[in-house]
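Below is one structure, written out as structure tokens; comments come after it.
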Amino acid sequence: MCGRFAFFQEIQPLLDDLDAVDLTDGRLRSRWNIPPTTPIHVVTESIDQSSGGALRALRIARWGLLPPFAQDEGFSSRTFNARRESLADKPSFRGSLGRRRAIVPMDGYYEWVRDGRTRKQPCFIAPSDGSALFMAALVSWWKGPGEHESPAASEDGRFLLSVTIITREADGELADIHERTPVMLPRDRLDAWLDTGMDDPQAAQRWILDDSNLLEDTALSVREVDPAVGKVGNDGPQLLEPPQRLL
């Protein structure tokens, strides 16, 4: 699964790499301990109503997808992850699968594993070469009561953008850490996932189930980090330091 991650990279190089426009307001700073239901950066692609072409944009979304039928924002605490095996079947996600796909950029994510004693040891999972991670995701514009004031709100405050990160069954070394892992895409597969021309949900379901579209696990490194990351209120680069152990 993916329930906590870090995003501290520079925005402009990301925009340049993805050829995206920045539709954020700059309020979100670098963060090393991002939990569900908070605002996060996402990249979407949609049809530009003025030109008719594709508009790729960096936006802010609430982490936890809010489908149109959600009664309140609390619904998002149950939908921050979505299983790739059942996207087309789940009412919460199938409406976004056709033309509201996205990616979530991050520097790495956390998982907790038992260290042989009673407590769990957090690990940071990230590309070995220090490059960005791109998680396959779905987004949804939620109206709710309107008059939203979140960074994830539309300009008029009538809608709130929300997102879920797609997961799959883990295998190899990642399976030793957790039974689920985020669906991570290599840079050269992002265009295909975001392409608005793939508007058939069943085609999108087949695409995301094809392991040849995924980042290879061998590109990742796993290292133990400070247990302080377990407290949501803690933040800062020191959380990526190795744990202090008594001899």
Side-chain angles (χ1 to χ4, degrees), residues 1-3 5 14 17-21 23 36 40-49 52-70 75-76 78-106 109 132-143 152 159-171 174 179-217 219:
M1 62 179 295
C2 182
F5 70 91
L14 177 68
D17 179 36
L18 298 181
D19 193 21
V21 297
L23 297 184
I40 65 173
H41 291 84
V42 302
V43 178
T44 65
E45 192 157 294
S46 58
I47 301 299
D48 188 341
Q49 297 302 315
L55 174 66
R56 181 172 297 182
L58 181 70
R59 302 175 184 270
I60 301 299
R62 180 186 175 91
W63 186 14
L65 193 130
L66 292 164
F69 58 81
F75 189 94
S76 65
R78 307 189 298 273
T79 53
F80 58 89
N81 284 165
R83 292 173 174 256
R84 71 167 179 171
E85 302 91 334
S86 56
L87 293 174
D89 301 322
K90 298 294 184 181
S92 294
F93 307 123
R94 65 189 178 201
S96 295
L97 187 56
R99 295 186 68 172
R100 290 190 290 277
R101 297 182 301 276
I103 58 174
V104 174
M106 61 179 68
Y109 71 100
L133 274 178
F134 300 105
M135 306 302 193
L138 302 174
V139 294
S140 175
W141 285 102
W142 181 69
K143 186 174 183 180
F159 294 90
L160 190 70
L161 186 64
S162 61
V163 61
T164 186
I165 294 174
I166 300 171
T167 69
R168 65 176 177 87
E169 186 175 343
D171 53 24
L174 291 182
E179 63 181 10
R180 306 288 300 181
T181 188
V183 173
M184 295 168 267
L185 304 180
R187 175 64 185 85
D188 63 3
R189 302 305 291 155
L190 301 187
D191 291 348
W193 176 245
L194 292 174
D195 185 6
T196 57
M198 186 168 63
D199 57 3
D200 177 10
Q202 295 301 325
Q205 177 78 78
R206 291 191 296 272
W207 192 97
I208 203 66
L209 287 174
D210 184 349
D211 286 349
S212 69
N213 291 319
L214 308 187
L215 182 72
E216 294 185 4
D217 292 349

Notebook entry, point to check: At what distance, to the nearest 0.5 angstrom, does CH2 of W207 lie from CG of L185?
Noted result: 5.0 Å
Check: Are any non-hydrogen side-chain atoms of T79 and F93 less than 4.5 angstrom apart?
Finding: yes
Next item on the list: Take atom CG of D89 as the centre, draw a 6.0 Å sphere, and report whether it contains more than 12 heavy atoms from other residues, nucleotides or ligands.
Entry: yes
Next item on the list: Please examine the side chains of R168 and I208, heavy atoms only from C-beta on, and report whether any two atoms are closer than 4.5 Å.
Entry: no
Please tabulate, one pair per line, all N/O donor-acceptor pairs under 3.5 Å involving side-chain atoms of residues 198-205, not counting sequence neighbours.
from, atom 1, to, atom 2, distance (Å)
D200, OD1, Q202, N, 3.1
Q205, OE1, L87, N, 3.4
Q205, OE1, A88, N, 2.8
Q205, NE2, R84, O, 2.5

Check: How close do V139 and A102 get, heavy atom to heavy atom, and via which atoms?
Finding: CG1-CB, 3.6 Å
Without placing hydrogens or testing angles, list every side-chain donor-acceptor pair under 3.5 Å for residues 52-66, not counting sequence neighbours.
from, atom 1, to, atom 2, distance (Å)
R56, NE, E45, OE1, 2.7
R56, NH1, L18, O, 3.2
R56, NH1, D191, OD1, 3.0
R56, NH2, E45, OE1, 2.9
R56, NH2, D191, OD1, 2.9
R59, NE, T44, OG1, 2.9
R62, NE, S76, OG, 2.8
R62, NH1, E73, OE1, 3.1
R62, NH2, E73, O, 3.4
R62, NH2, S76, OG, 3.3
W63, NE1, F80, O, 3.0

Next item on the list: Please name the pair of heavy atoms, one in W142 and one in A70, separated by the smallest distance, quoted to 0.1 Å.
Entry: NE1-O, 3.1 Å
Item checked: Value rounded to 0.5 Å, distance of CG in L161 from CD1 in I40 -> 9.5 Å
Next item on the list: Just do the side-chain contact (heavy atoms from CB on, under 4.5 Å) check on S92 and R78 with the steps written out, would you?
Entry: CA-CA 10 Å; S92 294; R78 307 189 298 273; over 6 Å; no
Next item on the list: Report the C-alpha separation of Y109 and M184 in whole Å, then their side-chain angles, then the decisive distance to 0.1 Å, and conclude whether the side-chain contact (heavy atoms from CB on, under 4.5 Å) test is met.
Entry: CA-CA 11 Å; Y109 71 100; M184 295 168 267; 4.0 Å; yes
Notebook entry, point to check: Of the non-hydrogen atoms in T164 and N81, which two are nearest, and what is the gap between them?
Noted result: OG1-C, 3.1 Å
Next item on the list: Check step by step if side-chain contact (heavy atoms from CB on, under 4.5 Å) holds for K90 and R83.
Entry: CA-CA 9 Å; K90 298 294 184 181; R83 292 173 174 256; over 6 Å; no
Note to self: I need the R189 CZ to L215 CG distance, nearest 0.5 Å.
What the structure shows: 12.5 Å
Item checked: Heavy-atom pair with the smallest gap, counting every atom of P182 and I165 -> CB-CG2, 4.3 Å
Item checked: Ion pair check, D17 and R187, cut-off under 4.0 Å -> yes
Checklist line | Nearest atoms (heavy-atom pairs only) where E85 meets T167 | finding: OE1-O, 4.2 Å
Note to self: Working note: N213 + W193, criterion side-chain contact (heavy atoms from CB on, under 4.5 Å); need CA distance, chi angles, decisive distance, verdict.
What the structure shows: CA-CA 9 Å; N213 291 319; W193 176 245; over 6 Å; no
Margin query: Taking the side chain as everything from C-beta on, heavy atoms only, tell me whether L133 gets closer than 4.5 Å to F5.
Written below: no
Next item on the list: For the pair R100 (side chain) and L97 (backbone), establish whether a donor and an acceptor sit closer than 3.5 Å, ignoring hydrogens and angles.
Entry: no
Notebook entry, point to check: Got a second to check how far S46's OG is from R99's CZ, nearest 0.5 Å?
Noted result: 9.0 Å
